[in-house]
Amino acid sequence: EKVSITFDENNQIRVLESSLYNDSLGLQTASYEFINDMKRFQETVGSLVEVLDEQAGKIENEKLRSVGLRNQVDNEAEARKKKQQELVFLINEKIAELERYTYQYESLLKVEEEQKQLIERLNNNE
């Protein structure tokens, strides 16, 4: 293969023809620009990934919080139902106690009335 040696406009010795040399310089410049563009792209993608990771963390935290709140609401509903059952039981106990006291009171009123009648009869017989 034949190698030609040339001189450029600055009288520099070149193994490549000046047009090929200029093309290779253009290609080198384009390559550096491409590399810089890729670096910027990687930085942008890295920033985007960081933001997305941060948002994913926030979403996960909110999901956990919502699950906790839902469990709390479920527990509150169960606690209210249990409390309501306790109160119904207590009310029924108090109603039964009131009925006992009412019956006892009525019995005592009868006894009092009988005793008054007995005292009245005894007073009348004397």
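Of the inter-residue distances, the one linking Asp53 atom CG with Glu60 atom CD reads 12.5 Å to the nearest 0.5 angstrom. To the nearest 0.5 Å, the span separating CG on Asn71 from CD on Glu78 amounts to 10.0 Å. The CZ atom of Arg80 lies 15.5 Å from the NZ atom of Lys82; values are rounded to the nearest 0.5 Å. The CD1 atom of Ile59 sits 12.0 Å away from the CG atom of Leu64 when rounded to the nearest 0.5 Å.
Counting only N and O atoms by type, the side chains of Tyr101 and Glu97 include a donor and acceptor under 3.5 Å apart.
The hydrophobic cluster containing Phe41 also contains Val49, counting ILVMFWY residues as joined when their side-chain heavy atoms lie under 4.5 angstrom apart, directly or transitively.
Residue pairs that meet the side chain to side chain donor-acceptor pair (under 3.5 Å) test with at least one member in residues 22-48, sequence neighbours left out, are Gln28-Tyr32, Asp37-Arg40.
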What donor-acceptor contacts under 3.5 angstrom involve side-chain atoms of residues 108-125, with partners at least two apart or in another chain?
residue: Asn123; atom: ND2; partner: Ile119; partner atom: O; Å: 3.4
residue: Asn124; atom: ND2; partner: Glu120; partner atom: O; Å: 3.2
residue: Asn125; atom: ND2; partner: Arg121; partner atom: O; Å: 3.4

Problem set entry | Worked verdict on Ile95 versus Glu99 for side-chain contact (heavy atoms from CB on, under 4.5 Å) | CA-CA 6 Å; Ile95 288 173; Glu99 288 174 356; 3.8 Å; yes
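Within 6.0 Å of the CD atom in Gln84, the count of heavy atoms belonging to other residues, nucleotides or ligands does not exceed 12.
By the 4.5 Å heavy-atom criterion applied to side chains, Thr102 and Glu106 are counted as neighbours.
Its side chain outside the 4.5 Å cluster rule for every partner, Val73 clusters with none of the Ile, Leu, Val, Met, Phe, Trp and Tyr residues.
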